[in-house]
Each structure stands twice: as C-alpha cells, then as structure tokens.
Amino acid sequence: HRPGARLVLPAAVLAAVVLGALAAGGYLVPATAPQPAAGEPSASPTDAGVPSPVPTDGLSLPPGLDPPPGLGTPNPTVGVRRPADVLVDWAARTAAKVGVPPVAMQAYGYAELALSQTLPGCHLTWTTLAAIGKVESAHGSANNANLLADGRAFPSITGDPLNGQGGRAAIPDTDEGALDNDRTWDRAVGPMQFIPGTWQTQAVDADNDGIRDPNDIDDAALAAGNYLCRGGRDLAQIGDWWAAILTYNDVQPYARAVYDAANDYGVRSRT
C-alpha cells in the first residue's frame, strides 16, 4: 500500500464545496467504458451511491447557487471544527443502508466533496473510498479498534511488519517507529493502511485538528482519495479506475474485492 495525498479543503470554503458535489447520478464505473485489461473483471453499469437529501434547514447559499440534486443543503446546526460534520444527517441515513459506521461515512462523503472541487476531473465517489476502507480495516475496526466520534481509530491500527515474509514487501523502517511503533520494519497504519514513509510526505489534516494522523479516518480518507486521483486519472473511466485501485495494492484479488464492495455499497445506498 503506497497511498498518499496533499490537498485538504479549508473549512472556510466548505459551503462552496457542498454546492458542487455528490450530485445525483453518481456511479462507480460507466456502462460504456473501455474493456478492462486481461484478467480484470468487467464493470457493471450500476449506479453507485446517490445520497439521500439532507434536511434543508435554511442555510444561506450564495446568490444564484442552488444545492446539488441528491445532497440538499448541509446541516447548519453542527459544529464546524470537523468539516465532515455537515454530512451528519446524510451519513446517518446512508450508513444504515450500507452497514458502514456513520463517522466513517462522513469521512468518505467529505473526501468526495473536497475532491470534487480540488480535482473535479477525477470523479471520485465515496463508494470507492468506502470499499477500500472495508477491505483494508473494516472501516477502522481491525485489530479490535473502534472509530471514536472524532474519527480516530482507537487503539491505533498497525499491520504486519513489511519484512518480506508471507508475500509482503520488504520495507525497512522509515519513521523510527513514530507511527507504527516498529524501529526495524515499516508497517501499514490506520483505517486506510498507509505506509509511514508515504504518509510522511503525503499527509493531510482533513478535520482541522492541527494533526495529520493516518489513524484519523478523516485525514486518511482524503489522503487516499488524492492518491487514487493522482496522475490526472478520471475514475469515471474503467481503465483509470482499475489502475487506481491496483496502484493502491497491485493484487488482482484485492482489486476485485474493492470493486465488489464499492458496487454493493452503490446498490444498497439506492434502496
């Protein structure tokens, strides 16, 4: 796993972000996309993850702008320290449909919102991030961890040592054990399983708490989204979607598991 990201959306422009994101008709991969390479599964045209409207509680919008279809306006009654909290209502309803913890749903949805502004040509959807979160850590619950209300996984999640055994890569320690408590080998860290060396150069603070923390699902989800979108990828194109997932982890069964989970979330979120 070598994901990483740099961009984070400031809280001051969050309202503008909401206006352009999570529009109706989102999908995992298009029905008319090119065929995948040999050995890769075919895509289905299933719509993926159109959010239910959140309450329109009278949040003032800039003149001439309307909330996007499917999202409505954000909830203005929640605090602004954690930007993803504006999705608390949508996340609660969607989480109940798809079986994802609400705090994780907020993080995945916010990452889509942010990237719709910073990298609009990528067309990343929350279903892809949720699928990676499921495969990597069961949404922050691996190793008996739980996601706290602020999005942090507790206790911290660390993978097996990357010591070249058991099919794992050999990656000597890059952070003196600061993130993974291992001074000999690197270990993947957090809900989205970042390698410390990658996180050191690509970390983001998505929740405005002043800390770039791979064990915080807000930071990790946005970082993962930026990583998937790098190189000008358009994830609405099947070739780019598969390339992004295989770059995250170049193992065919892994990519298939992510695809199946993303497609399942898309279907269930629309029921």
Side-chain angles (χ1 to χ4, degrees), residues 1-5 27-29 36 39-44 46 48-49 91 94-95 97-109 111-112 115 124-147 151 153 156-162 166-169 171 180 186-196 198-199 202 214-230 233 235 238 240-269:
H1 312 291
R2 294 180 177 273
Y27 46 81
L28 173 61
V29 289
E40 296 176 356
S42 298
S44 79
T46 302
T94 307
K97 294 179 180 181
V98 301
V100 173
V103 67
M105 280 300 311
Q106 288 177 259
Y108 302 141
E112 178 182 334
L115 287 162
L124 175 77
T125 61
W126 67 264
T127 52
T128 294
L129 292 175
I132 292 175
K134 176 183 179 179
V135 174
E136 293 288 0
S137 71
H139 309 295
S141 65
N143 298 349
N144 296 315
N146 288 288
L147 291 179
S156 299
I157 300 171
T158 55
D160 293 329
L162 298 175
R168 299 183 296 273
I171 303 178
D180 57 10
D186 266 351
R187 297 171 182 247
V189 179
M192 307 301 273
Q193 290 289 277
F194 280 87
I195 292 174
T198 301
W199 185 258
Q202 307 289 346
N215 269 291
D216 186 315
I217 198 165
D218 294 306
D219 298 352
L222 182 56
N226 271 306
Y227 181 81
L228 293 170
C229 290
R230 66 181 183 152
R233 291 191 184 106
L235 301 191
I238 189 171
D240 281 1
W241 192 91
W242 285 110
I245 301 305
L246 289 168
T247 299
Y248 207 96
N249 190 343
D250 192 11
V251 178
Q252 288 287 341
Y254 173 90
R256 178 75 231 195
V258 170
Y259 174 83
D260 288 344
N263 199 54
D264 179 61
Y265 288 146
V267 172
R268 291 162 62 190
S269 70

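For the single chain, residues carry numbers from 1 onward in sequence order.
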Worksheet entry | T127 side chain reached by D264 side chain, heavy atoms, under 4.5 Å | no

Worksheet item: Mind checking whether L246 and Q252 have side chains closer than 4.5 Å, heavy atoms only?
Response: yes

Item to complete: Kindly give the heavy-atom pair with the smallest separation between G190 and S137, and that separation in Å.
Response: O-CB, 4.4 Å

Response to the item:
Closest heavy-atom pair, G99 versus R268, reported as atoms and distance to 0.1 Å, is N-NH2, 3.7 Å

Practice prompt. From the options D186, L162, I195, select the one residue that forms a side chain to side chain contact (heavy atoms under 4.5 Å, CB included) with D180.
Written response: D186

Discussion item. Could you check whether any side-chain heavy atom of W199 comes within less than 4.5 Å of a side-chain heavy atom of M192, counting everything from C-beta outward?
Written reply: no

Worksheet item: So do Y108 and V100 actually touch side chain to side chain, heavy atoms under 4.5 Å?
Response: yes

Item to complete: Establish, from distance only, whether the side-chain atoms of T128 and W241 form a donor-acceptor pair under 3.5 Å.
Response: yes

Discussion item. So, taking the atom named CG in L129 and the one named NE2 in H139, what distance separates them when rounded to the nearest 0.5 Å?
Written reply: 11.0 Å

Fill in: Considering all heavy atoms, the nearest G140-A153 contact
O-CB, 4.2 Å

Discussion item. For T247 and R230, which I'm curious about, is there any donor-acceptor pair between the side chains at under 3.5 Å?
Written reply: no

Worksheet entry | Minimum-distance pair of heavy atoms, taken over all atoms of V98 and M105 | CG2-SD, 4.1 Å

Worksheet entry | Donor-acceptor contact below 3.5 Å, side chain S269 vs main chain Y265 | yes

Response to the item:
All heavy atoms of K134 vs all of A261, minimum pair found to be CD-CB, 4.0 Å

Worksheet item: Has the side chain of N215 got a donor or acceptor atom that lies under 3.5 Å from a matching backbone atom of I157?
Response: yes

Worksheet item: Under 4.5 Å between any side-chain heavy atoms of L235 and T125, yes or no?
Response: no

Item to complete: Please test Q193 against Y248 for side chain to side chain donor-acceptor pair (under 3.5 Å), starting from the C-alpha separation and ending with a verdict.
Response: CA-CA 10 Å; Q193 290 289 277; Y248 207 96; over 6 Å; no

Fill in: I245 side chain reached by I132 side chain, heavy atoms, under 4.5 Å
yes

Discussion item. Can a donor-acceptor pair be found, under 3.5 Å and without considering hydrogens, that links the side chain of D216 to the backbone of D218?
Written reply: yes

Discussion item. Quick check against the 3.5 Å criterion: does E112 have a side-chain atom that pairs as donor or acceptor with the backbone of W126?
Written reply: yes

Response to the item:
Heavy atoms of A262 and A131 approach each other most closely as N-CB, 3.4 Å

